[in-house]
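This report refers to the structure that appears directly beneath it.
So that the names make sense, note that chain A is the first sequence line, chain B the second, and so on, each numbered from 1.
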2 protein chains.
Amino acid sequence: MKTLRVPEATVTRLSIYSRFLERLDKNGVTTVSSGEIAEGVGVSPAQVRKDLAYFGEFGTRGVGYNVKDLLKYTLKILGLDQPWSLAIFGAGNLGFALCTYRGFNIRSFHIAGVFDNDPTRIGKKIGNLEVQPLDKFPEIVKSENIRIGVIAVPVSAAQEVADLMVKNGLEAILNFAPVALNVPDHIEIRNVDLSVKLEILTFNLGFRAAQNL
Amino acid sequence: MKTLRVPEATVTRLSIYSRFLERLDKNGVTTVSSGEIAEGVGVSPAQVRKDLAYFGEFGTRGVGYNVKDLLKYTLKILGLDQPWSLAIFGAGNLGFALCTYRGFNIRSFHIAGVFDNDPTRIGKKIGNLEVQPLDKFPEIVKSENIRIGVIAVPVSAAQEVADLMVKNGLEAILNFAPVALNVPDHIEIRNVDLSVKLEILTFNLGFRAAQNL
DNA sequence: ATATATTTGTTATTATTTTCACATTCAGAC
DNA sequence: GTCTGAATGTGAAAATAATAACAAATATAT
Ligand SMILES: NC(=O)c1ccc[n+]([C@@H]2O[C@H](COP(=O)([O-])OP(=O)(O)OC[C@H]3O[C@@H](n4cnc5c(N)ncnc54)[C@H](O)[C@@H]3O)[C@@H](O)[C@H]2O)c1
Ligand SMILES: NC(=O)c1ccc[n+]([C@@H]2O[C@H](COP(=O)([O-])OP(=O)(O)OC[C@H]3O[C@@H](n4cnc5c(N)ncnc54)[C@H](O)[C@@H]3O)[C@@H](O)[C@H]2O)c1
């Protein structure tokens, strides 16, 4: 096994491969080649093999990969062979959608708490979750062993929520607010910006088109 | 002005710069340096200048950039100096959140139609929008001059929705379903995958931590 | 057993992206 | 006017990532 730095793009693709493998497995497919994976997710076969090579040898030359095994390996690499408890801050529209999204549970994520500071929302049910006040956060972090926080509050509140998460020992943050947050180096943080991709589309439709690039 | 290929990462950052500039402008800041932009969005100053250099010279040496002007330029480059009408497919939890999100309107996006195939949802109001049946799509595309479609339906329906969009002449698609869609080359398509970033976090918390990388 | 067709794992090559470093330019002080 | 300090724009260098190419390995057919 290599001890090289793994590019983040490789991890991203690994997540995508694993979801493709899940689908193959559900459809009863037992063997798959790098070419078929590549075709299925829209990358090159060499890329698929290169990505997997960071973590070991999982295939059989002349044959391909065993779907069930490769799926298990990729999930393991991504850390999805164990359950992860999440805390979501902000029980607004996006928070609601995230809480009810079944796709997370399937991949070993479990929403262990939803928090909001709006008194009219606290106590309301989202599925079988109850929206909690902020002061319940510390105890729920402990009791549910939460390591990852999700920020779905307005931009104006995002930094203070991030600070609260850090103060309570969370190790990673997924931020949906379109703002760069300040957190200590040891905190893993990633932003999901729903507008940026939309603006890549308008850029391509406009500027790039005008330049004939 | 250069006629080089612009990296997509540059366009992504441009979108982020422009949002940062919006905030500065709202706060009454009139001048900003590449270093301050860099600080504000979490990249290097050289990166900021290099990104802008793809499109022209916007600053004054020794001084920096005029906030209002640079904001206007970045929006123009991104194609946001004109309104864009969107069609959203899927009036479920995510579709609902997208429809009610004010952040889109602010940046010259306008949701011109929401479509669903569930009879119990058709006719329901989301804000001042009414959920439309699929067969209304062709006429609304024309009347509202829609060029961009958003897919917020389950994976199982995503490809057929994409096909419908292509058939009706849409030019770009933003896809929230976690699956690679097949569309003709001339269609701009980007996926937004909310789980992938989460799995980068678990990877970093697990595997990467174990390797001490 | 041997040959053949496949497909992996890996090294070499190429391309892309980021960082660095600095000459150039400008505003303001004196 | 000239000098000084500051920050841009850019070409060269370094780092990173993707692609190509092929030897090694394996299953299957004969
Ligand atoms: N809705 C979307 O489709 C969408 C798209 C892109 C980005 N976003 C971003 O996601 C975030 C949430 O968006 P939304 O549409 O759900 O907004 P929303 O207004 O519907 O919900 C925000 C929620 O956060 C709560 N809140 C505010 N301050 C808080 C605090 N300090 N602690 C805890 N809770 C607090 C509010 O009470 C509210 O319930 C925003 O930053 C938005 O920019 C949303
Ligand atoms: N909710 C989330 O937080 C979340 C997170 C990540 C990804 N996603 C993805 O976004 C998509 C939507 O998620 P959701 O939670 O809103 O699901 P949802 O089930 O709440 O909504 C899906 C909607 O699509 C409609 N639909 C189904 N087939 C259709 C068709 N052919 N044409 C038009 N409408 C159709 C359904 O009637 C329903 O209203 C899914 O692909 C999901 O994987 C959602």
Side-chain angles (χ1 to χ4, degrees), chain A residues 1-17 20-21 24 29-71 73-74 77 200 203 208 213, chain B residues 1-17 20-21 24 29-67 69-71 73-74 77 196 200 203 208 213:
Chain A
M1 186 177 311
K2 300 289 179 54
T3 293
L4 246 66
R5 211 184 115 325
V6 180
E8 184 150 318
T10 289
V11 183
T12 298
R13 285 188 296 264
L14 220 58
S15 166
I16 293 167
Y17 301 157
F20 179 68
L21 291 166
L24 290 183
V29 180
T30 57
T31 302
V32 68
S33 69
S34 58
E36 289 162 339
I37 296 174
E39 167 77 21
V41 306
V43 302
S44 74
Q47 182 81 83
V48 172
R49 298 199 296 275
K50 195 78 190 283
D51 285 337
L52 294 173
Y54 282 103
F55 304 100
E57 304 190 6
F58 305 109
T60 307
R61 294 175 190 214
V63 179
Y65 304 89
N66 177 285
V67 172
K68 268 194 201 311
D69 288 349
L70 188 58
L71 173 57
Y73 288 128
T74 52
I77 292 164
I200 289 174
F203 172 80
R208 190 166 271 173
L213 294 178
Chain B
M1 186 176 313
K2 299 290 180 51
T3 294
L4 245 67
R5 211 187 122 299
V6 180
E8 183 148 320
T10 289
V11 182
T12 298
R13 285 188 296 264
L14 219 58
S15 167
I16 293 167
Y17 302 157
F20 178 69
L21 291 166
L24 290 183
V29 180
T30 57
T31 301
V32 69
S33 69
S34 59
E36 289 162 338
I37 296 174
E39 168 78 20
V41 306
V43 303
S44 74
Q47 183 80 83
V48 172
R49 295 198 299 273
K50 197 61 172 221
D51 285 337
L52 294 174
Y54 281 103
F55 304 100
E57 304 189 6
F58 306 110
T60 306
R61 296 178 187 208
V63 179
Y65 304 89
N66 178 285
V67 172
D69 288 349
L70 188 58
L71 172 58
Y73 286 129
T74 53
I77 291 164
V196 163
I200 289 174
F203 172 81
R208 187 166 274 174
L213 294 178

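- Applying the 4.0 Å criterion to OP1 and OP2 of C:dT8, one finds that A:Ser34 has a side-chain N or O inside that range.
- In terms of heavy atoms, B:Val196 sits closest to A:Ser15 at CG2-OG, 3.4 Å.
- Across the protein-nucleic acid pair, A:Leu52 atom CG and C:dT10 atom P stand 11 Å apart, rounded to whole Å.
- Listed here is the closest heavy atom pair of B:Phe58 and B:Leu70: CB-CD1, 3.8 Å.
- Rounded to the nearest 0.5 angstrom, B:Arg49 CZ and B:Tyr65 OH are separated by 6.5 Å.
- Between B:Phe55 atom CZ and D:dT8 atom C1' the separation is 17 Å, expressed in whole Å.
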Using a 4.0 Å heavy-atom cut-off to protein, can you give one letter per nucleotide of nucleotides 20-30 of chain C, 5' to 3': B if the base is in contact, S if only the sugar-phosphate is, - if neither?
BB--BBBS---
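- Between A:Gln47 and D:dA17 there is no side-chain polar atom (N or O) within less than 4.0 angstrom of OP1 or OP2.
- The CD1-P distance, from A:Ile37 to C:dG9, rounds to 10 Å in whole Å.
- Each of B:Tyr65 and A:Thr10 was assigned the nucleotide of DNA chain D with the nearest heavy atom; the assignment lying further toward the 5' end belongs to B:Tyr65.
- C:dT17 atom P lies 10 Å from atom CD of B:Glu8, rounded to whole Å.
- At whole-Å resolution of the value, CG in B:Asp69 and P in D:dT8 are 15 Å apart.
- Protein atom CD of A:Glu57 is 14 Å distant from nucleotide atom C1' of D:dA23, rounded to whole Å.
- Contact between B:Ala38 and B:Ser44 at its shortest, heavy atoms only, is CB-C, 3.6 Å.
- One can place CG of A:Asp51 at 12 Å from P of C:dG9, the figure rounded to the nearest angstrom.
- The shortest heavy-atom contact between A:Arg13 and A:Asp51 is NE-OD2, 2.6 Å.
- The distance from the CZ atom of A:Phe55 to the CD1 atom of A:Ile77 is 5.0 Å, given to the nearest 0.5 Å.
- The two atoms that bring B:Ile37 and B:Phe20 nearest to each other are CA-CE2, 3.7 Å, heavy atoms only.
- C:dT11 atom P lies 13 Å from atom OH of A:Tyr54, rounded to whole Å.
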